[in-house]
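To start, the structure itself, in structure tokens.
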Protein chains: 2
Amino acid sequence: MEDWWRLTGEHPVTRSLRLLWHGLPPARKGPRPSLTLDQIVRAAIAIADAEGLDALSMRALARELNVGTMSLYRYVQDKAELMHLVLDHVTVRTVEDGTPATDWRTMLETISQDARQMYLAHPWLLQVNWSSPVLGPGSVGDLERTLSSLTELPFSDRERIMLVTLLDAYVTGSVRQEVLFDQASALTDLTYEEFWELQLPFLEAAMESGRFPTMAAMSEDSFSGGWEETFELGLTLLLDGVEREVARRESASHASPPND
Amino acid sequence: MEDWWRLTGEHPVTRSLRLLWHGLPPARKGPRPSLTLDQIVRAAIAIADAEGLDALSMRALARELNVGTMSLYRYVQDKAELMHLVLDHVTVRTVEDGTPATDWRTMLETISQDARQMYLAHPWLLQVNWSSPVLGPGSVGDLERTLSSLTELPFSDRERIMLVTLLDAYVTGSVRQEVLFDQASALTDLTYEEFWELQLPFLEAAMESGRFPTMAAMSEDSFSGGWEETFELGLTLLLDGVEREVARRESASHASPPND
DNA sequence: GCAGACTAGCGTACAGTGTCCGCAGATAGC
DNA sequence: GCTATCTGCGGACACTGTACGCTAGTCTGC
């Protein structure tokens, strides 16, 4: 394990955490900064929302803010750090949409559906290929909200975290399929129907080859399930599975699970 | 709906499909091509496997194949088309790992676990932000394999496709979490433990603020669930949900579902 | 065999990306 | 007032994808 960052000062992750939790340090000597971190992050989100992730370059951001490109590096160390701030900031949005707690199943449904809507509103989020290695106020707040709705679920703390994680995996995986398909549709200028129209001659030849007997025998509407319907089916199955586990535990002991 | 591509010949999607299903057309006049599509695709996969998606540029690929960069454009129209070929080709891999069919649950487990392993072996796949808008021999073959293991499941064809889709969503979402985290870990030169070490001062201050009561009360090992364990939990829940639906249908009518 | 048409290889050039380096001017502290 | 620190940002560089067009190689028809 190399400690290269100890020789040069602050680790980049610590720097990102500092910015997230405390913001920029107060200005001391020198000209007053003309921008705030919040302005930069908001402008970045606006560009990505309007034109997609690829449009979000440092130059585009500088243009949007009417500053020189290199000025931005006075506020963030590099683009990765900017994206950490951006990702956490978008997550803050979901915290504000508070919903009164009822039962855990309804809460998990609502939270998952809200998350889906959030990702559909910011499809570029699912195209970012960095995991934010930092937990900022946004993501911690989001996690708090979710966990606070699971207190009546007879699972250990550890199991709750695992449940939240896998639900997030399902939501992001599901919406990413949809987002990428919609993008391909827009890029190729094809609707769903037109895509199948182009595909058909090749599929028909393949089906006649005898190599795909199960698919050849499928009915015509097999691919007609929509994205939302598919998402809801998966969510239902997941939550049914949780219910089954809950019932199993309650019939086994009526006791709370070990809180290890 | 603009038909701009009709003016210039073949739609890019049709061209990709042609390459996928029939390969390059036979050479007519002119020098013999020095490469095959297969060579190009394999070299691209090797680069991505060895050095990640960002390392896969047309220049890097040309260097690997000892040709000029622009030569590649004699074989593929642009990088997007190359990626369509690459994505379908990687999928071919999974078809060859045939497993004898037993019951639908075991099959779905195996297929999902195999898919997870495949993605872990090619983590860059989950960082590609194009959905392949084409169904080539690889993806159709993969789908055939999966569907042929679901024949005894009392679901309609349409429901089967939805089930396969949502399972894929879950697998990709789950592995992508892991892949992105591992990447962040490598980029920041931090282990999981070191990450938490840096995070802790900020989290402790946040917990003392009283803003996150549920999280502040959680036990120390809450985040100790591993990626594989979390994946298996979610898969179990999903399949438990399917079982519950199957049982519901069998107790309702003992009849096959409508095959609409 | 030759000319014309077609084809593969690929160099040059361009527009775009992220960001290093360092200069000029503005502010604070002594 | 002087020195140290700080902001803004231009010029430069290495890298990306790919349009354009030249050269040389192969096939076909006469």
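Computed from heavy atoms alone, side chains included, the values below leave out hydrogens, waters and symmetry copies. Here is the naming used below: chain letters follow the sequence lines, and residue numbers restart at 1 for every chain. All figures in this text were calculated on a predicted structure; none of them were measured in a lab.
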*asked:* Show me the pairs that pass side chain to side chain donor-acceptor pair (under 3.5 Å) and involve residues 168-178 of chain A, at least two apart or across chains.
replied: A:Arg116-A:Glu178, A:Asp168-B:Gln177, A:Arg176-B:Asn129, A:Gln177-B:Asp168
*Earliest and latest nucleotide of DNA chain C, 5' to 3', sitting under 4.0 Å from a non-hydrogen atom of chain A?*
C:dT17 to C:dG29
Donor-acceptor pairs under 3.5 Å, side chain of residues 69-80 of chain A to any protein atom, not counting sequence neighbours: which ones?
from	atom 1	to	atom 2	distance (Å)
A:Ser71	OG	A:Gly68	O	3.3
A:Tyr75	OH	A:Ser34	N	3.2
A:Tyr75	OH	A:Leu35	N	3.1
A:Asp78	OD1	A:Ala80	N	3.3
A:Asp78	OD1	A:Glu81	N	3.0
A:Lys79	NZ	A:Leu56	O	2.7

_Strictly distance-based, threshold 3.5 Å: is any side-chain N or O of A:His11 a donor or acceptor partner for the main-chain N or O of B:Thr188?_
yes
*Could you pull out all residues at least two apart from A:Ala55 that satisfy side chain to side chain contact (heavy atoms under 4.5 Å, CB included)?*
A:Ile47, A:Glu51
*Taking only residues two or more places apart in sequence or in another chain, which ones pass side chain to side chain contact (heavy atoms under 4.5 Å, CB included) with A:Phe223?*
A:Tyr192, A:Trp196, A:Met215, B:Leu143, B:Ile161
*What string of B, S and - do you get for nucleotides 16-26 of chain D 5' to 3' if you count protein non-hydrogen atoms under 4.0 Å?*
BBBBB----BB
*Distance only, no hydrogens: is a donor on one side chain within 3.5 Å (strictly under) of an acceptor on the other, for B:Gln183 and B:Gln127?*
yes
*Would you please classify the geometry between the B:Phe181 ring and the B:Phe195 ring as parallel, tilted or perpendicular, with 30° and 60° separating the classes?*
perpendicular
